[in-house]
Protein chains: 2
Amino acid sequence: MSSNVTLKHIAKELGLSAMTVSRALNDRSNVSEKTKKRVIEKAKSMGYTPNHVAKSLVSSKTYTIGVVIPQITHSFFPEVVRGIEEVTNASNYQLFLTNANEEFSREKEAIRTLQSKRVDGLLISSSQDVKDYSFYEEIINSGTVIVFFDRCIENIGASCVSVNDRASSRQITEHLIEVHGYTKIAHLSGPPEVSVGMKRKNGYLDALRSHDLEINNKWITEGGFQEESAQKAMQKLLELPKDEHPEAVVAVNDPSALGAISAIKSAGLSVPDDIAVVGFTDDVRAPLLEVPLTTVHQPAYEVGKRAARRLLRSIDNPDEPAENIEVLTSLKIRQSCGCPPAETNT
Amino acid sequence: MSSNVTLKHIAKELGLSAMTVSRALNDRSNVSEKTKKRVIEKAKSMGYTPNHVAKSLVSSKTYTIGVVIPQITHSFFPEVVRGIEEVTNASNYQLFLTNANEEFSREKEAIRTLQSKRVDGLLISSSQDVKDYSFYEEIINSGTVIVFFDRCIENIGASCVSVNDRASSRQITEHLIEVHGYTKIAHLSGPPEVSVGMKRKNGYLDALRSHDLEINNKWITEGGFQEESAQKAMQKLLELPKDEHPEAVVAVNDPSALGAISAIKSAGLSVPDDIAVVGFTDDVRAPLLEVPLTTVHQPAYEVGKRAARRLLRSIDNPDEPAENIEVLTSLKIRQSCGCPPAETNT
DNA sequence: TTGTAGGCGTTATCAC
DNA sequence: GTGATAACGCCTACAA
């Protein structure tokens with residue numbers, strides 16, 4: 001603990017009451033300019049630092065927000081956090097950051113602790129293995145404001161900031177169908193319990209259906225959100241007889257696409273000639289791959305800013321109804337889908 | 001704010017005193033098992049959440065650590081934060097994360113706020129434009145424990161966890177000299193006020209001196225820690241007459257090396273044939289570049305864990321003297337230095 | 001085993 | 001313009 005100097009100490013030194021010192025330091029009108037100056041100087045010379053803990057206890061307001069992300073190493077999330085910070089910093093909030101590491105148990109524990117620390121609100125992107133939506137409902141019912149981002153839990157009264165996942169997934173799948181004429185398209189999905197997992201899968205299915213393509217369950221397999229798990233899932237896919245191999249793979253996100261690519265390479269096949277691959281995120285690594293990755297660009301910074309703004313509004317106005325905010329994506333056509341290199345690809 | 005249920009409320013419901021309820025919930029020995037059970041059940045049914053704010057006010061302990069990083073987008077830092085969290089999480093601390101965005105003013109403000117929030121300690125990697133070391137001294141003198149990591153302020157009584165910057169920088173520079181025979185080697189430095197800026201520059205100079213190479217001030221230029229600023233600095237270097245161009249560039253970190261590479265490309269030159277480039281960090285992008293980047297691998301996760309462990313120890317034992325902890329690096333030889341591609345380069 | 005008093009540092013409220 | 005009092009929710013210390 002730091003600075004033990006309190007209002008009382010300053011008051012005693014100056015022969016004033018703690019209350020007057022408080023008023024002076026908070027620049028209230030009902031203090032004489034003279035004492036105000038005296039107090040401020042004394043406070044400085046004594047090395048006074050206001051105690052927000054005590055202030056929070058009185059005001060029931062901590063100027064603190066809990067941020068829970070599933071994977072700090074996935075480049076999408078640091079970028080979101082940067083956006084969040086940009087907004088919250090301007091309003092004098094501090095951020096508690098927790099990396100749940102894709103474990104729901106860890107996420108739950110963190111959220112409980114954050115509640116005990118009396119955060120003014122929570123920004124959450126749920127972990128891969130969420131099961132228990134009721135947990136979030138309890139938190140919301142207890143009066144804590146939540147805004148979800150990216151991986152949302154919907155219809156439980158919390159706002160959600162995400163991209164148009166389903167439409168984007170459909171769009172990139174249609175690119176594979178319409179531009180390249182692929183008909184045998186596989187999907188490495190995320191867990192269906194997670195919003196983006198379900199939505200992106202539905203977008204993929206939308207595209208297939210609208211083009212009357214066969215939906216082959218052998219080609220739809222859960223690979224999770226991480227490179228390693230996706231690599232294993234892709235390996236399994238490649239154990240199918242050669243004539244049942246897909247021509248293209250739609251991965252649920254870029255780490256998953258990277259996993260798929262390395263499985264394809266390990267099998268002695270090549271991207272995109274043997275199997276094309278597309279992702280979702282636009283990871284920093286996507287444009288740098290040997291075969292640059294075609295993917296959906298998610299404006300992570302913008303998602304962070306929107307989520308933070310929405311949360312601050314909810315905090316100031318808890319009765320406003322929840323809303324779903326969609327930020328739009330853009331397609332990044334590179335070479336992993338089979339497109340030729342263009343001049344202006346970044 | 002959430003849960004308004006307090007010990008008093010539970011006490012009233014049960015016809016007990018708040019104190020007994022407190023004891024029961026904290027599992028103290030001097031409460032009968034019966035009332036303990038009654039209390040715990042009641043607390044659950046009433047949705048009680050302990051108020052850490054009040055607890056902290058009493059105990060002068062917040063179980064909270066402030067983490068200040070200069071750039072959340074530089075992949076090194078999220079990885080460090082992951083390491084920090086791994087350690088602090090196990091000891092039930094929460095992390096306040098602040099991204100100073102390389103601005104010292106922002107860093108100072110954040111640190112003051114964190115002090116007001118009464119963090120138990122601070123983990124700091126200083127911003128690019130630090131000037132005012134006395135600021136940190138004041139913080140330390142006020143009794144707040146600081147452990148610096150990566151970018152340290154030394155000799156002011158705070159511990160520091162970093163890599164062996166000087167030796168590593170010398171080593172990679174010597175690789176350029178000894179293996180490739182380069183004699184005209186430039187350095188894109190960081191600001192000399194920042195520890196790693198100075199140390200890496202000294203390592204570069206050490207290498208030149210020990211091989212009796214000319215130290216040419218035209219080839220030593222400050223490019224900052226970020227890609228854009230380094231790119232500009234490199235552009236300026238390339239405005240030298242062609243016969244005064246360096247054969248190789250030692251960049252202060254990987255973002256700087258990336259900036260240098262794009263300046264070299266823009267000038268119609270190639271890496272490494274016209275100018276070789278080496279970095280420092282081992283950014284996620286380093287192995288993926290068109291010409292994979294030779295660089296110094298920093299074990300970021302390990303740096304984070306060590307820094308966190310050191311801080312927790314300092315918190316529990318404030319009188320222990322500060323220490324400098326060095327984590328060792330390893331050279332990642334790839335192709336940007338002119339080495340041929342090997343089989344096992346990742 | 002349980003309860004009471006007092007205080008952590010701050011602020012709202014009412015009084016002078 | 002300034003001060004006294006009580007309260008925020010909890011815990012230590014002492015008493016019963």
Side-chain angles (χ1 to χ4, degrees), chain A residues 1-40 42-43 46-64 113 115-120 142-143, chain B residues 1-40 42-43 46-64 113 115-120 142-143:
Chain A
M1 205 76 174
S2 53
S3 168
N4 303 305
V5 185
T6 70
L7 294 181
K8 251 188 210 163
H9 296 145
I10 301 175
K12 193 178 250 175
E13 289 279 313
L14 257 40
L16 290 169
S17 74
M19 204 46 235
T20 305
V21 175
S22 167
R23 283 192 270 249
L25 291 174
N26 288 300
D27 202 25
R28 298 291 172 84
S29 56
N30 50 355
V31 198
S32 78
E33 284 302 321
K34 268 187 197 169
T35 53
K36 213 178 260 186
K37 262 186 198 163
R38 282 209 308 150
V39 168
I40 291 171
K42 199 74 191 172
M46 294 178 72
Y48 172 76
T49 312
N51 187 329
H52 271 314
V53 177
K55 209 176 272 197
S56 295
L57 184 59
V58 177
S59 64
S60 293
K61 168 96 185 167
T62 55
Y63 279 98
T64 277
T113 308
Q115 257 203 321
S116 281
K117 295 233 200 284
R118 294 296 188 262
V119 293
D120 295 328
S142 82
Chain B
M1 207 74 172
S2 53
S3 169
N4 304 304
V5 185
T6 71
L7 294 182
K8 248 186 214 166
H9 296 145
I10 302 175
K12 193 177 252 176
E13 290 279 315
L14 257 39
L16 291 169
S17 76
M19 206 43 237
T20 304
V21 176
S22 168
R23 283 192 269 250
L25 292 174
N26 288 301
D27 202 25
R28 297 291 171 86
S29 57
N30 49 356
V31 198
S32 79
E33 284 302 321
K34 267 186 196 171
T35 54
K36 212 178 262 184
K37 260 185 200 165
R38 281 210 309 152
V39 168
I40 290 172
K42 199 73 189 173
M46 294 178 72
Y48 172 76
T49 313
N51 186 328
H52 271 311
V53 176
K55 209 176 270 194
S56 294
L57 185 60
V58 177
S59 64
S60 293
K61 169 97 187 169
T62 56
Y63 279 97
T64 276
T113 308
Q115 257 204 320
S116 281
K117 294 234 202 283
R118 294 295 189 263
V119 293
D120 295 328
S142 82

* Asked: Just how far, in rounded Å, is P of D:dG9 from CE of B:Met19?
  -> 16 Å
* **Heavy-atom side-chain contact between A:Ser142 and A:Gln115 under 4.5 Å** => yes
* **Proximal nucleotide (of D:dC8, D:dA13, C:dT2) relative to the B:Val31 side chain** => C:dT2
* May I ask you to decide if A:Tyr63's main-chain N or O and B:Lys117's side chain share a donor-acceptor pair within less than 3.5 Å? => yes
* Quick one: on DNA chain C, does A:Ala18 or B:Ser17 contact a more 5' nucleotide (nearest heavy atom)? -> B:Ser17
* To do: Side-chain contact test, heavy atoms from C-beta onward, threshold under 4.5 Å: evaluate it for A:Val21 versus A:Lys42 and give yes or no.
  => no
* **Toward the 5' end of DNA chain C, by each residue's nearest nucleotide, A:Ser22 or A:Lys8** => A:Lys8
* Would you call B:Thr49 and A:Arg118 a side-chain contact if the rule is heavy atoms closer than 4.5 Å? -> yes
* Asked: Given side chains that start at C-beta, do those of B:Val39 and B:Leu14 come closer than 4.5 Å, heavy atoms only?
  -> yes
* Structure fact -> To the nearest angstrom, the CG-P distance between B:Asn26 and D:dC11 comes to 5 Å
* **Whole angstrom value for the distance that separates P of D:dT2 from CD of A:Glu33** => 11 Å
* With side chains defined as the heavy atoms from C-beta onward, is the minimum distance between B:Ile10 and B:Met46 less than 4.5 Å? -> yes
* Structure fact -> Quick note, B:Leu57 side chain, CB onward, closest among C:dG3, D:dG9, C:dC14 is D:dG9
* Separation of atom CG in B:Asn30 from atom C1' in D:dC11, rounded to whole Å -> 13 Å
* **Listed nucleotide nearest any side-chain atom of B:Ser32, set D:dC10, C:dT1, C:dT10** => C:dT1
* To do: Give a yes/no on whether any side-chain N or O of A:Thr20 is located under 4.0 angstrom from OP1 or OP2 of D:dG3.
  => yes
* **A:Lys12 NZ to C:dG9 C1', straight-line distance once rounded to whole Å** => 15 Å
* Between B:Ser56 and B:Lys61, is there a donor-acceptor pair closer than 3.5 Å when you use the side chain of the first and the backbone of the second? -> yes
* Asked: Contact class for B:Thr35 (heavy atom, under 4.0 Å): base, sugar-phosphate, or nothing?
  -> sugar-phosphate
* A:Arg28 side chain N/O closer than 4.0 Å to the phosphate oxygens (OP1, OP2) of D:dT2? -> no
* From the options C:dT10, D:dC10, C:dT13, select the nucleotide whose nearest atom is closest to the side chain of B:Thr6. => D:dC10
* **Residue B:Ala54, side-chain atoms from C-beta onward, closest of D:dC10, D:dT12, C:dT1** => D:dC10
* So how far off straight is the helix from C:dT1-D:dA16 to C:dC16-D:dG1, going by the axes through five pairs at either end, to 10°? -> 50°
* B:Leu16 has a side chain; which of D:dG3, C:dT1, C:dG3 sits nearest to it? -> C:dG3
* Of the listed nucleotides D:dG3, D:dG9, C:dG3, the one nearest the side chain of A:Arg23 -> D:dG3
* Choosing from D:dC8, D:dA4, D:dC10, which nucleotide comes nearest the side chain of B:Tyr48? -> D:dC10
* Should A:Thr64 and A:His52 count as side-chain neighbours, where that means a heavy-atom distance under 4.5 Å? -> no
